**Student:** 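Handing you this structure, nothing more for now.
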Amino acid sequence: MTSVDVPVALLGYGTVGSAVNRLLVSNADEIERATGHRVRVVRALVRDPAAERDFLPDPGILTTDFRAVADDPEIRLVAEVMGGLEPAGEHVLELLRSGRSVVTANKQLVARRGGELFATASAAGVQLRFEASVCGAIPVIKVLRESLSFSRVHRVLGIVNGTTNFILTRMEHGAAYAEALAEAQRLGYAEADPTDDVSGADAAAKMAILATVAFGTRVTLDDVWYTGIEEIAPLHMRAARELDMAVRLVGAATLVDGRYDVRVQPAFVDRHHPLAGVEGPFNAVMLQGDAIREIMLEGPGAGGLETASAVVSDMISVIGTTGTGFLQNDACWRELERLPHGDVVSPFYVHLEVDDRPGVLADVARRLAAHEVSVARLVQHETGEGTAALHIVLHECRSGALGTALAEIAQLPETRQRPTALPVISDRGVPGLGWA
Ligand code: NAP
Ligand code: HSE
């Protein structure tokens, strides 16, 4: 495939904007291999070019002059990651009118002026994509617009604000509201004005966008009834714990007999409900419809890199559906080898049936240790007639190493049954992959 250069511009180079550039630079080869295009940031609009940046752009990229973007005919694709209603709104409209496709992370803009923006994009024959405006890294807009466009989704239930979910989770563990909010701001989850987060306005804008896409009717921020978490106090946390529930800021969009309701409010969520398990800056969206029953998407809802992944994915979608595009082609571009079966790493549960006498535990532990397998927890139950069942939870280890150790343990004279091992699913990931 011949490589073609795609110069792009960013409106904003803050938490999200700098992470977009970081992703485009660090994944340039992968993006080129997949799309045939070398995507490069050539301009980024900021207020103060001298301010400290998380990821430095090339010299001369930062500008305070919007004309340097709008008047450059080479730039056909722009990501708006500056936030606010103005000047972002007028900039996006001008870019669309002049034939540029725009990708935006700005939920307030899309939720308030979506009708005008989409009409302008349609009239100009360009694309306006907004995946990053809702739920950070979770590709819920693509799922709703592409995979479920015929599915008659009639309910969307979600935790759609990372900052408030982070604060509520921290409060659950005893932190004070103000302390948790300050931490969310420091970690880059909160809006420039965190009032939007804690008042529910940010979640309301996202629910307006989700309802618009799910129900196929324009729902604006004014159509959403919302309250925030400012009134939530430690007494609510205590009560929820006693009732085996969790406090969450929940958005609900419902379609009933051709009429819709969209609201955001703090709710007591039963501990067994999947939304109760959504913690920290994570978001989740539950989609309900006749044919699909229920689909839940969960992932990081805020954060620079997480949100940037949605921005970059939208940029790639614009490129992939422009001209001859590439998204209709075979997705395979490489041949990977299978990982050897025994190299998979996991914590495990092991069941042993052994003689109940001195030295048996030591024998078992020695065989495990010889293969770098380490015990995390152990429970012993007497099973009668001098035998005992050992229920052992192991720290992460290679499944091959565990298999070898268990084969040796099976040969011990005190072992009464073939040992069994099952993987344990507890943490959210694998430390070795860097995100657990
Ligand atoms: P941010 O860190 O405050 O960055 C905003 C950037 O826009 C800065 O580079 C700023 O310039 C520039 N900017 C703002 N107003 C400007 C103006 N009038 N003229 C020129 N440049 C201007 O904000 P962010 O967290 O990256 O958020 C950006 C957008 O992404 C917002 O719409 C937000 O809602 C959305 N979003 C954020 C997250 C998140 O986790 N942070 C997640 C999802 C969506 P200076 O750097 O010079 O000040
Ligand atoms: N402030 C927003 C949040 C950023 O906390 O969810 C993601 O849209």
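These numbers were taken from a predicted model, which means no experiment stands behind them. As the structure lists them, so they are numbered: ligands from 1, and atoms in each ligand from 1. For reference, positions follow the sequence shown, starting with 1.
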**Student:** Numbering the atoms of ligand 2 from 1, which are under 4.0 Å from a heavy atom of Gly162?
**Tutor:**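 Taking each heavy atom of Gly162 in turn, ligand 2 has 3 (C), 5 (O), 6 (O) under 4.0 Å.
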**Student:** Under 4.0 Å from any heavy atom of Asn161, which atoms of ligand 2 are there?
**Tutor:**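 Reading through ligand 2 atom by atom, the close ones are 2 (C), 3 (C), 5 (O), 6 (O).
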**Student:** In terms of relative ring orientation, are His236 and Phe268 parallel, tilted or perpendicular, with 30° and 60° separating the classes?
**Tutor:**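 It falls in the perpendicular class, over 60°.
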**Student:** Please report the shortest heavy-atom distance between Val160 and Asp202, naming the atom on each side.
**Tutor:**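 Where Val160 meets Asp202 most closely, the heavy atoms are O-OD2, 4.2 Å.
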**Student:** Taking the inter-plane angle between the rings of His351 and His391 on a 0 to 90° scale, is it parallel (under 30°), tilted (30 to 60°) or perpendicular (over 60°)?
**Tutor:**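 Ring orientation of His351 relative to His391: parallel.
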**Student:** Testing Val311, Ile31, Ile316 for side chain to side chain contact (heavy atoms under 4.5 Å, CB included) with Leu24, which one passes?
**Tutor:**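 Only one of Val311, Ile31, Ile316 forms a side chain to side chain contact (heavy atoms under 4.5 Å, CB included) with Leu24, namely Ile31.
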**Student:** So is Gly301 touching ligand 2 or not, going by heavy atoms under 4.0 Å?
**Tutor:**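 It does; at least one heavy atom falls under 4.0 Å.
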**Student:** Shortest non-hydrogen contact from Glu172 to Ala246?
**Tutor:**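 Looking at all heavy atoms of both residues, the shortest contact is OE2-CB, 3.6 Å.
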**Student:** What residues form a side-chain hydrogen bond (donor to acceptor under 3.5 Å, both in side chains) with Thr104, not counting sequence neighbours?
**Tutor:**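 side-chain hydrogen bond (donor to acceptor under 3.5 Å, both in side chains) check on Thr104 returns Glu80.
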**Student:** Looking at every non-hydrogen atom in both residues, tell me the closest pair between Val156 and Ala214 and how far apart they are.
**Tutor:**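 Answer, listing the atom of Val156 first, then Ala214: CG2-CB, 3.8 Å.
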**Student:** Starting from atom 5 (O) of ligand 2, what is the nearest protein heavy atom, named by residue and atom, and what distance separates them?
**Tutor:**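 Scanning the protein heavy atoms, the shortest distance from atom 5 (O) of ligand 2 goes to Thr163 OG1, 2.6 Å.
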**Student:** Is it true that Ser346 and Glu396 share a donor-acceptor pair across their side chains at a distance under 3.5 Å?
**Tutor:**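 Note: Glu396 and Ser346 side chains miss the donor-acceptor criterion.
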**Student:** In plain terms, say whether Arg218 and Glu116 are close enough for a salt bridge, that is, a side-chain N and a carboxylate O under 4.0 Å apart.
**Tutor:**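 No, no charged N to carboxylate O under 4.0 Å.
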**Student:** Is there any N or O on Asp197 that sits under 3.5 Å from an N or O of ligand 2?
**Tutor:**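 In this structure, Asp197 places an N or O atom under 3.5 Å from an N or O of ligand 2.
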**Student:** Any nitrogen or oxygen of Ala302, main chain or side chain, under 3.5 Å from a nitrogen or oxygen of ligand 2?
**Tutor:**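 No - when backbone and side-chain N and O of Ala302 are compared with those of ligand 2, no distance drops under 3.5 Å.
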**Student:** Taking non-hydrogen atoms within less than 4.0 Å of ligand 1, which protein residues qualify?
**Tutor:**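 Near ligand 1, by chain and number: Gly12, Tyr13, Gly14, Thr15, Val16, Leu45, Val46, Arg47, Asp48, Arg53, Val81, Met82, Gly83, Pro87, Ala105, Asn106, Lys107, Ala132, Gly188, Tyr189, Glu191, Ala302, Gly303, Thr307.
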**Student:** Taking distance alone, with no angle check, do Tyr189 and ligand 2 share an N/O pair under 3.5 Å?
**Tutor:**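 Such a contact does occur with ligand 2.
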**Student:** Does a side-chain N-to-carboxylate-O contact under 4.0 Å join Arg40 and Glu32?
**Tutor:**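 No, no charged N to carboxylate O under 4.0 Å.
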**Student:** Can you figure out which of Glu306, Lys107, Glu191 has its heavy atom closest to atom 1 (N) of ligand 2?
**Tutor:**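 Comparing heavy atoms across Glu306, Lys107, Glu191, the nearest one to atom 1 (N) of ligand 2 lies in Glu191.
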**Student:** What are the atoms of ligand 2, with element, lying closer than 4.0 Å to any heavy atom of Lys206?
**Tutor:**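 Per the distance check, 2 (C), 3 (C), 6 (O), 7 (C), 8 (O).
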